[in-house]
Structures are given as C-alpha cells and as structure tokens.
There are 2 protein chains.
Amino acid sequence: MNLQFAILGMLAISPMNGYYLKKIFDKSVNYFWTASLSQIYRELNALEAKAYVSSAIQAQDDRPDKRVYSITDAGSAAFMAWLTHFPADLPTLKRDEFSLRIFFGARLGKDALISQFESFIAERKKIIAAMADDKEEITAVTRRVKAAAPRDKMCMRFITRRSQLTNALLISWAEDCIREIEQTPLEWE
Amino acid sequence: MNLQFAILGMLAISPMNGYYLKKIFDKSVNYFWTASLSQIYRELNALEAKAYVSSAIQAQDDRPDKRVYSITDAGSAAFMAWLTHFPADLPTLKRDEFSLRIFFGARLGKDALISQFESFIAERKKIIAAMADDKEEITAVTRRVKAAAPRDKMCMRFITRRSQLTNALLISWAEDCIREIEQTPLEWE
DNA sequence: AGGGCCATGTAACCTGTTACATGATTGA
DNA sequence: TCAATCATGTAACAGGTTACATGGCCCT
C-alpha cells in the first residue's frame with residue numbers, strides 16, 4: 001500500500017514510465033525505501049485499476065515504446081489524504097539482520113565477531129560514499145523534473161542528513177564495540 | 001529464512017513452545033526484529049519438516065497443553081553455519097514510512113509538518129521508556145532461561161546501546177528539523 | 001460478568017524477491 | 001563483439017499481516 005503512495009508522490013511531481021520511476025527510486029528514496037522493477041509494474045497496474053493513474057503509450061524512434069503514467073485527480077486526492085493523515089502508530093517493519101547476528105554473536109569466536117563488525121563499518125562507509133556520489137545526480141534529476149521549491153529542498157535535506165548522521169553514529173558505535181571486545185580477557189574461546 | 005535462524009538461536013538457549021517464543025521475541029529482539037505468532041507457528045512447522053527442531057506435547061493441569069520445541073543436532077549445525085557465514089552484502093529491507101512522508105512533506109503546511117515531527121519524537125521517547133521498562137524483565141527472563149556468560153551479556157548490551165544511541169540521535173535530529181522549519185519565512189502556504 | 005492471559009493453529013491476503021522472456025541500440 | 005541500458009511484463013515463490021476459530025483459568 002505504501003509503495004503505491006510513494007509512486008503517486010513521484011507521479012505528482014511529473015508523469016513518467018515504470019522504468020524511469022525505478023531510476024528515481026534508486027537515486028532518491030533508496031536509502032529508506034527500496035522497490036524492484038517488477039514490484040513497480042505490479043503497483044502501477046493496481047493504481048490504474050483504481051483509476052489513481054492513467055497511462056498512454058509514447059512511441060520513440062530509437063528506443064522501445066514506453067508507457068507513461070500520469071496521476072489523476074482521484075490519485076492526487078488519495079495521495080494528499082495519505083500524506084495528511086499521520087497514523088497514530090507508524091508501523092516500522094523491523095528486519096535488521098546485522099543486529100540479529102550480533103544478538104547471537106557470543107557464540108562466535110572473538111576474531112569472527114570483530115570481523116563482522118569490521119564488515120559492517122566497511123559497508124556503512126560505502127553507503128556514505130555512494131550518497132556523496134549520488135548527491136549531484138539527485139539534484140540534477142530533480143531539477144530536470146521540476147524547479148523544486150526551497151521547502152522541497154529542505155525536506156530532502158532533512159532525510160539526507162538523517163541518513164548521514166545515522167551512518168556516522170553506527171560507525172562509531174561499531175568501533176566502540178570492537179574496542180570493547182578487544183579488551184575482554186583472552187579466555188573467550 | 002532469517003526468522004527461522006532467529007528461532008533456532010532462541011531454541012539453542014533453551015527448549016520452548018511457540019507462545020513463549022513470541023514473548024521472548026517481544027521482550028528482546030523486538031527492537032530490530034519483529035515476529036507475529038502465526039508466523040512463528042508457521043516457521044516452527046517448516047523447521048520441524050526440515051528436522052531442525054523436534055517437538056513434544058507437554059501436558060499441564062491448569063493450562064492448555066503446550067508443544068515444546070527443541071533444537072536438533074542438524075538444527076544447531078545449520079544455525080552455526082548461518083551465524084558464522086557473514087554475507088558479503090547483508091540485505092537491509094528498507095521500508096521507513098516516516099522518512100517517506102517527510103520526503104514528500106513539502107506539500108504539507110508548516111504546522112502539519114511540524115506536528116508530524118512532534119509525533120515522531122513522542123514515539124521515540126515512548127520506545128526509550130519501554131526499553132527501560134523491559135530491561136529488568138529481559139535480564140530476568142534470560143537469567144531464568146540460562147546463566148548467561150559475560151560475553152552473552154556484552155552482545156546484548158551492544159544491541160541495546162545501538163537502539164538507545166539511535167533513538168537519542170533521531171530525537172535531536174527531529175528537534176533540529178522543527179527548529180529549521182520554524183525559521184523559514186512565513187510565506188510557506 | 002467480562003477482560004486478559006495461556007495456548008494452538010488455519011486461511012486469505014498483501015508485499016517483496018527472483019527468475020524468466022524478449023529485443024533493439026549504444027558505447028567500449 | 002560483448003556488455004550495458006532502455007523498456008515491459010509474467011510467474012513462482014518467500015515472507016509478513018489480519019482475521020478467524022476455540023476454550024479454560026484467573027482476577028476484578
């Protein structure tokens with residue numbers, strides 16, 4: 001259901017086809033919301049069945065034809081209703097495999113445990129780097145799509161900063177954990 | 001698949017029934033991994049079909065009979081294989097509805113946006129309080145189940161601290177966002 | 001008398017992943 | 001020439017949610 005609103009939100013900015021939607025997703029909301037192409041196509045069908053979007057084939061010379069989706073009035077209304085109505089409990093689906101592994105981590109050897117934390121740090125650093133790389137492209141994409149109002153930029157800055165802060169925190173948390181493990185007596189095994 | 005390993009990990013500590021497993025989940029891994037009762041029952045069936053666990057009915061006088069599950073040798077081996085083999089990319093399913101809402105938040109009025117951040121802060125504070133409440137119960141439960149080795153406690157402390165730090169960070173992030181929204185010129189609407 | 005806890009499960013449904021199928025164009 | 005990108009979709013499967021069904025005990 002939420003993915004449908006995410007799609008509606010994008011289509012409210014500009015009409016696009018499924019393939020391009022996927023690209024936008026990967027470059028913008030990807031840090032807190034993922035979607036696969038097959039999922040996007042499925043949800044676009046569902047949205048069209050509800051008449052929240054309409055589609056039209058657009059022929060192209062050198063590339064395959066594409067089906068461009070536009071949001072309808074009913075779709076806009078549904079999107080705004082969703083956005084305005086803030087749920088009492090926002091359900092956070094929790095499936096953090098790393099925490100799960102660390103929860104049971106005492107059964108691992110000291111070195112194995114430390115190396116898992118090190119992999120975790122490496123991955124977080126990769127994410128930070130990827131975010132920096134994406135940054136220019138995101139602004140380029142959003143600029144092409146629509147001249148974003150200052151408040152649009154502000155909201156995007158909020159969620160970018162959230163990711164940056166969280167990643168930085170997690171790295172220092174993991175470093176502390178490693179230090180603590182290293183300080184435990186050798187009689188671990 | 002991962003839920004199966006989470007269940008195996010719990011059963012490796014002590015045999016238990018599905019209902020009690022759910023309680024343990026809610027009081028321990030709940031902050032980074034959730035599971036519903038029907039899911040637990042389903043996965044227990046799947047685990048038994050694979051002979052990773054075995055079960056036996058245990059009669060009780062004043063309460064309904066219960067089916068107590070124990071981990072088998074094959075189950076222990078599978079669990080340790082999973083725990084030891086750290087995946088190159090640990091797939092983080094991302095579905096953070098709050099970030100999604102804020103991403104599209106510029107279409108909301110200033111007050112509505114601020115109040116969504118305030119709800120977010122209130123919820124995070126509730127989680128922190130719930131964690132503090134649970135803390136005693138968790139240690140009581142784990143103590144009843146098994147005399148936890150110091151390194152078990154250390155690993156649990158790691159993930160608890162992670163939650164605490166993250167929550168504290170998110171609250172101060174949200175407070176900063178509110179401050180920034182308040183400082184924007186009045187010509188928002 | 002009524003609600004909450006103990007206890008187990010099934011069925012339908014929704015959401016997300018992976019694999020398959022097709023095929024032209026473009027750049028290294 | 002080979003891989004990547006553009007472009008759309010289906011099918012099967014895996015994982016998670018919600019609703020239903022049952023029923024005794026305990027406490028207020």
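All heavy atoms count here, side chains included; hydrogens, waters and symmetry mates do not. Bear in mind that the values here come from a model prediction, so they are computed numbers and not experimental data. Below, read A as the first sequence line, B as the second, and so on, with proteins coming before strands; counting in each chain starts at 1.
- The B/Leu37 side chain lies nearest to C/dT8 when the options are D/dG16, C/dT10, C/dT8.
- Atom-to-atom, CD1 of A/Ile40 to P of D/dT10 comes out at 15 Å; the value is rounded to the nearest Å.
- Per the geometry, CD1 belonging to A/Ile57 stands 8 Å off P belonging to D/dT8, to the nearest Å.
- Per the geometry, CD belonging to B/Gln39 stands 11 Å off P belonging to D/dT18, to the nearest Å.
- When rounded to the nearest whole Å, the span between CG of A/Asp26 and P of D/dC6 equals 11 Å.
- For B/Tyr19, whose side chain is taken as the heavy atoms from C-beta onward, the closest listed nucleotide among D/dA7, D/dG9, C/dA7 is C/dA7.
- Put simply, CG on B/Leu21 is 12 Å from P on C/dG9, counting in whole angstrom units.
- When the C1' atom of D/dT8 is taken as reference, atom CG of A/Leu44 falls 11 Å away, rounded to whole Å.
- For B/Arg42 and D/dT18, the CZ to P distance is 13 Å, given to the nearest whole Å.
- At C/dG9, one or more side-chain N or O atoms of B/Arg67 fall inside 4.0 Å of OP1 or OP2 (strictly under the cut-off).
- Among the protein residues, B/Glu43 comes within range of no part of the nucleic acid, since none of its heavy atoms lies under 4.0 Å from any strand.
- Side-chain proximity of B/Tyr41 to the nucleotides C/dT15, C/dA7, C/dT18 is greatest for C/dA7.
- A/Trp33 CH2 to B/Asp96 CG: the interatomic distance, rounded to the nearest 0.5 Å, is 8.0 Å.
- Checking D/dT17, C/dA7, D/dC6 against the side-chain heavy atoms of A/Arg63 singles out D/dC6 as nearest.
- Comparing C/dG16, D/dT17, C/dT17 against the side chain of B/Arg95 picks out C/dG16 as the nearest.
- Counting heavy atoms from C-beta on, the side chains of B/Phe117 and B/Ile102 come closer than 4.5 Å.
- Applying the 4.0 Å criterion to OP1 and OP2 of C/dC5, one finds that B/Lys23 has every side-chain N and O outside that range.
- In this structure, B/Lys94 atom NZ and D/dG16 atom P are separated by 17 Å, rounded to whole Å.
- Side-chain atoms of A/Trp82 and B/Leu100, non-hydrogen and from C-beta on, do get closer than 4.5 Å to each other.
- Counting only heavy atoms from C-beta on, A/Asn17 has its side chain closest to D/dT8 among D/dT8, D/dT17, C/dA7.
- B/Asp65 comes within 4.0 angstrom of the backbone, heavy atoms only, and of no base.
- At the heavy-atom level, B/Ser38 lies under 4.0 Å from base atoms of the strands shown.
- The shortest side-chain heavy-atom distance between B/Phe86 and A/Phe98 falls under the 4.5 Å cut-off.
- Nearest nucleotide to the B/Lys66 side chain, out of D/dG9, C/dA7, D/dG16: C/dA7.
- Dense packing is recorded around NZ of A/Lys50, with more than 12 heavy atoms of other residues, nucleotides or ligands lying under 6.0 Å away.
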